[in-house]
Chemist: 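Structure provided below as C-alpha cells; questions to follow.
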Amino acid sequence: MINETPRVRFAPSPTGYLHIGGLRTALYNYLFARNTNGKFILRIEDTDRKRYIEGAVENLLNTLKWVGLDYDEGPEVGGDYGPYYQSKRLDIYKKYAEELIEKGKAYYAFDTPERLKQLHEEQLKKNEQTKYDKFALTLPEEVIKQKIESGEPYVVRLNVPPDKSVIVDDLIRGKVEFDTNIVDDQILIKSDGFPTYHLANVVDDHLMKITHVIRGEEWLSSTPKHVLLYDFFGWEKPIFAHLPLLLNPDKTKLSKRQGDVAVEDYKDKGYLKEALINFVALLGWNAGDEQEFFTLDELIHKFTLERVHKAGAVFNLEKLVWLNAEHLRSKPNAELLQMLREELKKSKYADLKIEDNKLLLIIEAMKPRVEFVKEFITKCPYFYEAPTEYDEKVIKKRWKEDSPGLLLKLRDKIAQLDDLKKEDYENILNNLAEELNIGKGKLIHPVRLAVSGSGTGPGIYNLLYIIGKDECINRINRALEKIKTTNPDLTEEN
RNA sequence: GGCGCGUUCGUCUAGUGGCUUAGGACGCCGCCCUCUCAAGGCGGAGAUCACGGGUUCGAAUCCCGUACGCGCUACCA
C-alpha cells in the first residue's frame, strides 16, 4: 500500500449544503492528494432515503466548485471506480453482505422496532451497554429461510465476536484500543435494502482503492466496526487519520445554532474563497514555521498529515476577517475591479455609469482600508454620489468659524485650473495655506467634510482628484449652504 | 451510564526532557508615520503549560491518577 499512489476521498452525505467542517475535511483530503501526487475522489453518501433533500448534491458540487477543490473522480467527472453515488451501488453492497453472511460474519435479523426499543430501554435501566442481544442468531436456518421467503422485513447485522480487542491504528492519534464487548452488532443493510454508512464506506473504500481515510473525529468510535469488516472480508485496511473537530465558541461541535456553518453563508457574506481556505486549513494544522498567510498552492506544498494536531479548534471569525483583508489586498486591482463590478450590480448604484478608470482609482485608494469587496462601496459612498449628510461629530470638531471663508477661497482656486492632477490639488492647497499663513489642516479637514460628508478616508489630494474638479466645486457649494444651516451661528465672513 | 478522544495566552497555535524568564498570529492597548481613517513599523498587557502525584540532576514535554470538555453510544451520516 505504501508504494501505491495515494487515493483519498471526501465522502459527504448531501444534507443540503456544505458544512464548514466538511470543507475542512475536504480540504485536508485535497491537500494530501495534491501534495503526494495522489488522487482526490468525491463520493456521495446518499444511503439515507429519509434524509433525501432535493438539490442537495447539486448545491454541494457547486460549493466545491466555488472553493476550487477539484476532484479527480466523482460525480460529473466520472472515473474507473464508479458509480460515485452510493445509492447507485445497492447491488454491490448486497453481494458483499451475503458474502459476510455465508462466512458467518453477519446475519439476518427480523426484530421489530418495538422489540429493539424495549431492549434498549431495559439495558439503559440496568446501566448496561446498549446493544443488540444477538437474538436472531438463535433462529434455526429453516425459520430464517421461511421468513425471508414470506417477505418479512429483515436487516443484516454484523456479527461482532465477544471478548476480543480491536486496535485502530490512527495516523493522528496512534493506536486506539477497543473491546468488542462494547461494539454493537451494527446493522449493515437496512430493511429498505439500503446499506448503512459502515458497510457502504468499507466496501467502497476497498473497491475504490482508497489508501487513506481522512475524516472527522466523530468517526473514531465506529472505526472498530470498520476494522472488523476489513478483517472479515480479508481486505487490507487503509490508513486512518481522524481529524479534530471544529467547535462553537462554547466548545461544542460546530453547529447551526451558534452561527453560520454553511460555506455558502460565508460566500454570501463576501468572504473570499482564498481566505476561507487559508483560515480553515489553519484550524488543526500548521506548517511548523510562522507563516499564517497561504495560497492554495503553498498549502499544497507544505501540507502533511503528520502536522495535524489532536485537539478541537474553535471557529473564530476575527482571524477569518483579517485573512480576508489580507487576501483581498494581495489581489491585483484588475481582479478586484471585476469583483467590484459584480458588487455594484447588486447595490443601489446598479444603474450608475462609472468608468473602469475611476473604479481603479477607488480600488487603489481604498485597498488598505477595506476588508471586504463590498466595502469599496459601503465605506466610501462619496465616490458614487454626493454626500447628503455631514457627520455631526466631524462638524463639531473640524468646522470652525473661518471654514466657510477658507473653503470659498479654495473653491475659487480650484475653479481657475483645468485638467487637475493629484499634485495640482496638493499644490493648490499648500499654496493657499502658505498664502494665508494658516496650517493646511484648516483647509484639509473642512474640505474633506464638505466633499465626502465624512471625517475619514483616503488622502485628501487623492480624494479630491478622484471626485473631480466640477463635482468638488459643486459639493463645496452645497456644503457651504448645508452646513451653514446646521450651524446658523456660523457665517461665511472671515 | 459505558467506551473513546482531548486539555499551552480570550481565540488559532509553536513546542516531542535542558536552547524557554513558554515563541508567533488574530483581537486588544500604546507609540511612530501622518491631513483624517486605514495600511505599515515598533512596543505592551495577556498562559502558575487543567489539577495532583511520580520518574529524572532537570518536565509543558515521559508515567499514573483526578477533574473538566467533547465525540460516539440509531434500520443518520
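Each chain gets a letter, A, B and so on, in the order the sequences are listed, and its residues count up from 1.
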Chemist: Could you pull out all residues at least two apart from A:Phe372 that satisfy ring pair (Phe, Tyr, Trp, His ring centres under 6.0 Å)?
Modeler: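 Expected list: A:Tyr271.
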
Chemist: Given that both distances must come in under 3.5 Å, which nucleotide forms a Watson-Crick or G-U wobble pair with B:rA22?
Modeler: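 Paired with B:rA22, as far as the under-3.5 Å criterion goes, is no nucleotide at all.
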
Chemist: Using the P atoms only, state how far B:rG17 lies from B:rA59, rounded to an integer number of Å.
Modeler: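 Rounded to whole Å, the distance is 14 Å.
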
Chemist: By a strict heavy-atom criterion of less than 4.0 Å, which residues belonging to residues 88-98 of chain A are in contact with RNA chain B?
Modeler: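 Here the set is empty: none.
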
Chemist: Using the P atom as the point on both nucleotides, what is the distance between B:rC28 and B:rA38, in whole Å?
Modeler: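 Taking atom P in both B:rA38 and B:rC28, they lie 10 Å apart.
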
Chemist: Could you give the CD1-to-C1' distance, from A:Ile362 to B:rA38, as a whole number of Å?
Modeler: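 Going from A:Ile362 (CD1) to B:rA38 (C1'), I get 17 Å.
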
Chemist: For the pair made of CD1 in A:Ile395 and C1' in B:rU36, what is the distance, rounded to whole Å?
Modeler: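 Whole-Å distance recorded here is 16 Å.
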
Chemist: Taking ring pair (Phe, Tyr, Trp, His ring centres under 6.0 Å) as the cut-off, I'd like each qualifying pair that reaches into residues 309-331 of chain A, sequence neighbours left out, listed once.
Modeler: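 Qualifying pairs, neighbours excluded: A:Tyr266-A:Phe315, A:Phe279-A:Phe315, A:Phe293-A:His327.
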
Chemist: Determine the contact category for A:Pro458: base if any of its heavy atoms lies under 4.0 Å from a base atom, sugar-phosphate if only primed atoms, P, OP1 or OP2 are that close, otherwise nothing.
Modeler: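 Result for A:Pro458 = base.
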
Chemist: Output all residues satisfying side chain to side chain contact (heavy atoms under 4.5 Å, CB included) with A:Ile101, sequence neighbours left out; order by chain, then residue number.
Modeler: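 Per chain and number, A:Ile101 pairs via side chain to side chain contact (heavy atoms under 4.5 Å, CB included) with A:Ala106, A:Tyr108, A:Val156.
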
Chemist: Scan A:Phe178 against the nucleic acid and name what it touches under 4.0 Å (heavy atoms): base, sugar-phosphate only, or nothing.
Modeler: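 Answer is sugar-phosphate: A:Phe178 comes under 4.0 Å of backbone atoms only.
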
Chemist: Please give me the minimum heavy-atom distance between A:Ala109 and A:Arg157, naming the atom from each residue.
Modeler: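 That would be CB-CD, 3.8 Å.
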
Chemist: Once side chain to side chain contact (heavy atoms under 4.5 Å, CB included) is applied, do any residues pair with A:Glu389, and if so which ones, sequence neighbours excluded?
Modeler: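 For A:Glu389 there are no side chain to side chain contact (heavy atoms under 4.5 Å, CB included) partners, ignoring immediate neighbours.
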
Chemist: Test A:Tyr384 against A:Ile362 for side-chain contact (heavy atoms from CB on, under 4.5 Å), laying out the working first.
Modeler: CA-CA 10 Å; A:Tyr384 306 91; A:Ile362 295 171; 3.9 Å; yes

Chemist: In this structure, how many angstroms lie between the P atom of B:rA38 and the CG atom of A:Leu463, rounded?
Modeler: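 Whole-Å distance recorded here is 16 Å.
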
Chemist: Taking side-chain hydrogen bond (donor to acceptor under 3.5 Å, both in side chains) as the definition, give me every residue that meets it alongside A:Lys190, ordered by chain and number, with sequence neighbours left out.
Modeler: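 So A:Lys190 forms no side-chain hydrogen bond (donor to acceptor under 3.5 Å, both in side chains) with any residue.
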
Chemist: Once each nucleotide of nucleotides 14-27 of chain B is scored for protein heavy atoms under 4.0 Å, what B/S/- sequence comes out, 5' to 3'?
Modeler: SS-------SBBSS

Chemist: Quick one: A:Asp391 CG to B:rC37 C1', roughly how many Å, whole number?
Modeler: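 It is 12 Å, rounded to the nearest whole Å.
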
Chemist: Which sits closer to the 5' end of RNA chain B, A:Arg173 or A:Tyr461, going by the nucleotide each is nearest to?
Modeler: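 Of the two residues, A:Arg173 wins.
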
Chemist: Between B:rC12 and B:rU55, how far apart are the C1' atoms? Round to whole Å, please.
Modeler: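 Going atom to atom, C1' in each nucleotide, I get 33 Å.
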
Chemist: Expressed as a whole number of angstroms, how long is the span from A:Leu449:CG to B:rC35:P?
Modeler: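 Roughly 19 Å, once rounded to whole Å.
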
Chemist: Please give the distance between the C1' atoms of B:rG58 and B:rU13 as a whole number of Å.
Modeler: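 Rounded to whole Å, the distance is 27 Å.
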
Chemist: Quote, to the nearest angstrom, the P distance that separates B:rG69 from B:rU11.
Modeler: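 Looking at atom P only, B:rG69 and B:rU11 are 16 Å apart.
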
Chemist: Establish, yes or no, whether a centroid distance under 6.0 Å links the rings of A:Trp219 and A:Tyr197.
Modeler: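 Judged by ring-centre distance (under 6.0 Å), A:Trp219 and A:Tyr197 do meet the cut-off.
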
Chemist: Roughly, in whole Å, what's the span from NZ in A:Lys393 to P in B:rU36?
Modeler: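 The answer, rounded to whole Å, is 18 Å.
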
Chemist: Would you indicate which nucleotide in B:rU36, B:rC5, B:rG40 comes nearest to any side-chain atom of A:Glu326?
Modeler: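 The closest nucleotide is B:rG40.
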
Chemist: Counting Watson-Crick and G-U wobble pairs only, both distances under 3.5 Å, name the nucleotide matched with B:rC28, or none.
Modeler: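 Its partner is B:rG44 (Watson-Crick or G-U wobble, both distances under 3.5 Å).
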
Chemist: Tell me the partner of B:rC51, counting only Watson-Crick (N1-N3 plus N6-O4 or O6-N4) or G-U wobble (N1-O2 and O6-N3) with both under 3.5 Å; none if nothing fits.
Modeler: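 Its partner is B:rG65 (Watson-Crick or G-U wobble, both distances under 3.5 Å).
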
Chemist: I'd like the P distance from B:rU66 over to B:rG1, given in whole Å.
Modeler: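 Per the computed distance, 14 Å lies between those P atoms.
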
Chemist: Identify whether any heavy atom of A:Gly459 sits under 4.0 Å from a base atom; if not, whether one sits that close to sugar-phosphate; answer base, sugar-phosphate or nothing.
Modeler: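 Base contact.
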
Chemist: Who pairs with A:Leu124 by side chain to side chain contact (heavy atoms under 4.5 Å, CB included), at least two apart in sequence or on another chain?
Modeler: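 Here the qualifying residues are A:His120, A:Thr130.
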
Chemist: May I have the distance from A:Met366 (atom CE) to B:rA38 (atom P), rounded to whole angstrom?
Modeler: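 To the nearest whole Å, that distance equals 12 Å.
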
Chemist: For a quick check of understanding: with a heavy-atom distance under 4.0 Å over all strands, which category does A:Arg448 fall into, base, sugar-phosphate or nothing?
Modeler: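 Counting heavy atoms under 4.0 Å across all strands, the contact made by A:Arg448 includes a base.
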
Chemist: What integer number of Å spans the C1' atoms of B:rG40 and B:rG4?
Modeler: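 Looking at atom C1' only, B:rG40 and B:rG4 are 48 Å apart.
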
Chemist: Please give the nucleotide sitting opposite B:rC72 as a Watson-Crick or G-U wobble pair, both distances under 3.5 Å, or none.
Modeler: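 Result: B:rG2.
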
Chemist: Once you apply the 3.5 Å cut-off to both distances, tell me the Watson-Crick or G-U wobble partner of B:rU56, or none.
Modeler: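 Across any shown strand, B:rU56 pairs with none.
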
Chemist: Taking NZ, NE, NH1 and NH2 as the nitrogens, is one of them in A:Glu435 or A:Lys409 under 4.0 Å from a carboxylate oxygen of the other?
Modeler: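 No salt bridge links A:Glu435 with A:Lys409.
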
Chemist: Show the nearest heavy-atom pair for residues A:Pro162 and A:Thr180, with the distance to one decimal.
Modeler: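 Looks like C-OG1, 3.4 Å.
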
Chemist: Could you check how far CG of A:Leu254 sits from P of B:rC12, rounded to whole Å?
Modeler: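 One finds 12 Å between P of B:rC12 and CG of A:Leu254, rounded.
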
Chemist: Please identify each residue that fulfils side chain to side chain contact (heavy atoms under 4.5 Å, CB included) with A:Thr456, with sequence neighbours left out.
Modeler: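 Residues passing side chain to side chain contact (heavy atoms under 4.5 Å, CB included) with A:Thr456: A:Ser454.
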
Chemist: For A:Thr223, run the side-chain hydrogen bond (donor to acceptor under 3.5 Å, both in side chains) check against A:Lys237, A:His242, A:His198 and tell me which one passes.
Modeler: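 Looking at A:Lys237, A:His242, A:His198, the match for A:Thr223 under the side-chain hydrogen bond (donor to acceptor under 3.5 Å, both in side chains) is A:His242.
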
Chemist: Hey, is A:Arg43 close enough to A:Asp205 for a salt bridge, meaning N to O under 4.0 Å?
Modeler: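 Salt bridge between A:Arg43 and A:Asp205, a charged N being under 4.0 Å from a carboxylate O: yes.
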
Chemist: For nucleotides 67-77 of chain B, give me one character per nucleotide, 5' to 3': B if any protein heavy atom sits under 4.0 Å from the base, S if the only such contacts are to the sugar-phosphate, - if neither.
Modeler: ---SBSSSBBB

Chemist: Do A:Asn278 and A:Glu326 have side-chain N/O donor and acceptor atoms under 3.5 Å apart?
Modeler: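 A:Glu326 and A:Asn278 do not have a side-chain donor-acceptor pair below 3.5 Å.
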
Chemist: Looking at every strand, decide which applies to A:Gly441 at a 4.0 Å heavy-atom threshold: base, sugar-phosphate, or nothing.
Modeler: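 Since no nucleic acid heavy atom lies under 4.0 Å of A:Gly441, the category is nothing.
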
Chemist: Determine the interatomic distance between P on B:rG24 and the same-named atom on B:rC42; round to the nearest Å.
Modeler: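 Going atom to atom, P in each nucleotide, I get 12 Å.
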
Chemist: Is a donor on one side and an acceptor on the other found under 3.5 Å between the side chain of A:Thr252 and the backbone of A:Asn248?
Modeler: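 No, because the side chain of A:Thr252 does not come within donor-acceptor range (under 3.5 Å) of the backbone of A:Asn248.
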
Chemist: Closest-nucleotide mapping onto RNA chain B: is A:Asn127 or A:Leu282 further toward the 5' terminus? I mean the 5' end.
Modeler: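 Mapping each residue to its closest nucleotide by heavy atoms, the 5'-most match is A:Asn127.
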
Chemist: Reading nucleotides 43-52 of chain B 5' to 3', which nucleotides get B (base under 4.0 Å from a protein heavy atom), which S (sugar-phosphate only), which -?
Modeler: ----------

Chemist: Under 4.0 Å, counting only non-hydrogen atoms across every strand here, what does A:Glu177 touch: a base, just sugar-phosphate, or nothing?
Modeler: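 Sugar-phosphate contact only - A:Glu177 comes under 4.0 Å of backbone atoms but never of a base.
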
Chemist: For a quick check of understanding: with a heavy-atom distance under 4.0 Å over all strands, which category does A:Glu306 fall into, base, sugar-phosphate or nothing?
Modeler: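 Since no nucleic acid heavy atom lies under 4.0 Å of A:Glu306, the category is nothing.
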
Chemist: Could you tell me which residues satisfy ring pair (Phe, Tyr, Trp, His ring centres under 6.0 Å) with A:Phe303, sequence neighbours excluded, listed by chain and number?
Modeler: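 Once residues adjacent in sequence are excluded, the partners of A:Phe303 under the ring pair (Phe, Tyr, Trp, His ring centres under 6.0 Å) criterion are A:Tyr28, A:Trp285.
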
